[in-house]
Structure formats: C-alpha cells, structure tokens
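Working notes, structure below.
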Amino acid sequence: GDSVTQMEGPVTLSEEAFLTINCTYTATGYPSLFWYVQYPGEGLQLLLKATKADDKGSNKGFEATYRKETTSFHLEKGSVQVSDSAVYFCALGNQGGKLIFGQGTELSVKP
Amino acid sequence: EAGVVQSPRYKIIEKKQPVAFWCNPISGHNTLYWYLQNLGQGPELLIRYENEEAVDDSQLPKDRFSAERLKGVDSTLKIQPAELGDSAVYLCASSASGDGTGELFFGEGSRLTVL
C-alpha cells in the first residue's frame, strides 16, 4: 500500500543553519504531496504542498520539490530560526482521497 | 473564521470505561476525518466521512470504536470499552475537498489517557 518514509529525528541545528528533512514515498498513481508542521502546543497545519511532478511548494522560506523519478519530496530551508522548532510531517494524498503521514521529524533550533 | 473545534482536550479514564470525543468542523467542509496519533508517530486515519457517509472506515477497530456524523456536520468518536493501548491523541480534521489534493485543517486534538 501507499506509504511515506521520513528521516528520523530529532534534528538539532544552530540558528541560520541549512535544513534538509528527507522524505520518500511509495504510491500507485499520482499522489499529491504535503508537508505539515506541528508547533509546540498547537495543532497540525499545512506548511506547503505540490500536486504534480516537478512542482515546487514553498512557504515561510521552506520549499520542497516533487521528484517523481526519485519518489521524493525533501523539505529545505536556507536559514532556520528558533521559531522553526517543531515537528514536521511529510504526507501524501492518494487518488482514493486518503492522506497518509510519515512518522514525523522533530526539529530543534538553538540560538 | 473558526477552526476545527474538538472536545474534550484531555480525558483520563480507567480501562473498560467508555469515552467519547466530539468534533465540529469548519463550516462548509464536507469531508471530515478522525486520526489517531500515538506518541512520536504520525497520524493514522481511523475514519473519513463525506457528508454523513463513512467512505473509509477500514482502519477503525469496529469491535470497540464507533463514529457518527449526523446531519453531515458535527461528529462523535466513541470507544467502549477503552483499553490501555488506546492512550493517544485523537485528531479531527476537515477539508473542503476529499479528493486527496486539498488542505486538511486539524483541531488541537483530544488527548486520552487510559489507566
């Protein structure tokens, strides 16, 4: 069945460091891909999405490119801030309407 | 605009007791989801509704879990009887479209502790 695999955390970075969180997926058909973020004490919220191959989603300095050839959707940010500390979830939306999440990657940014 | 509202935020019960969670989705959202999130894991779908119809309940443990969405708006998720392994966060989400391409809006979750 469809699935999502993320790099394990926690990831600890210093402020202004470059961030990459790897995400790969397995799916039949052509899924949509998402990154959701969960800040401490808050609910999950959409960070960015891409609905077809080669699309780039971007928001708040984060970006991810839908790579069909490598079945990947890695999250990147050029310069992280303390306020980016959160848990990040990669997810796919399949053609049956189901949203499937990865296990989450906790990011901690130190000043 | 009000977001997805869930209650209660926290619930502590003894095993074998019943428990119910309530969700009020964003107005106009036809698709409603209940997810289970264990500590350190990603959310796992329990059930998805399109209006009042459950279109995907394949992951719902039907021996003890039940859900309803009367009138296609609010929804209730019930566990009876609860087991120790049911301790988790129960998330409700809604979306305008259930086709897998749209954004899901999540509530803050209901954290269940079973003693």
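Labels below follow one simple rule: chain letters A, B, ... track the order of the sequence lines, proteins then strands, and each chain is numbered from 1. All figures in this text were calculated on a predicted structure; none of them were measured in a lab.
- For the set B/T31, B/L104, B/N38, B/L45, the entry with the most heavy-atom pairs within less than 4.5 Å of chain A is B/L104.
- Under a 4.0 Å N-O distance rule, the pair B/D86/B/R64 qualifies as a salt bridge.
- Between A/Y66 and A/Y25, the ring planes are perpendicular. Angles over 60° get that label, and only those under 30° would be called parallel.
- Proximity to chain B is limited to the side chain of A/Q38, based on heavy atoms less than 4.5 angstrom apart.
- Proximity to chain A is limited to the side chain of B/Q37, based on heavy atoms less than 4.5 angstrom apart.
- Contact of B/L91 with chain A is made through the side chain alone, with heavy-atom distances under 4.5 Å.
- Under the 4.0 Å criterion applied to side-chain N and carboxylate O atoms, A/K110 and A/E15 are not assigned as salt-bridge partners.
- The local environment of CG in B/L39 is sparse, with at most 12 non-hydrogen atoms from other residues, nucleotides or ligands closer than 6.0 Å.
- Ranked by heavy-atom pairs under 4.5 Å with chain A, the list B/E50, B/Q41, B/E108 is led by B/Q41.
- In terms of heavy-atom pairs under 4.5 angstrom with chain B, the leader among A/V87, A/L99, A/I100, A/L33 is A/L99.
- Between chain B and the residues A/G9, A/G43, A/P31, A/S32, the largest count of heavy-atom pairs under 4.5 Å involves A/S32.
- Using a 4.0 Å cut-off between charged nitrogen and carboxylate oxygen, A/E63 and A/K56 count as a salt-bridge pair.
- Comparing B/S97, B/G109, B/S95, B/G102 by heavy-atom pairs within less than 4.5 Å of chain A, the highest count is held by B/G102.
- The part of B/Y35 that comes within reach of chain A is its side chain, from C-beta onward, which places non-hydrogen atoms under 4.5 angstrom from that chain.
- Using cut-offs of 30° and 60° for the angle between ring planes, the A/F101 and A/F89 rings count as perpendicular.
- Using a 4.0 Å cut-off between charged side-chain N and carboxylate O, A/D84 and A/K77 make a salt bridge.
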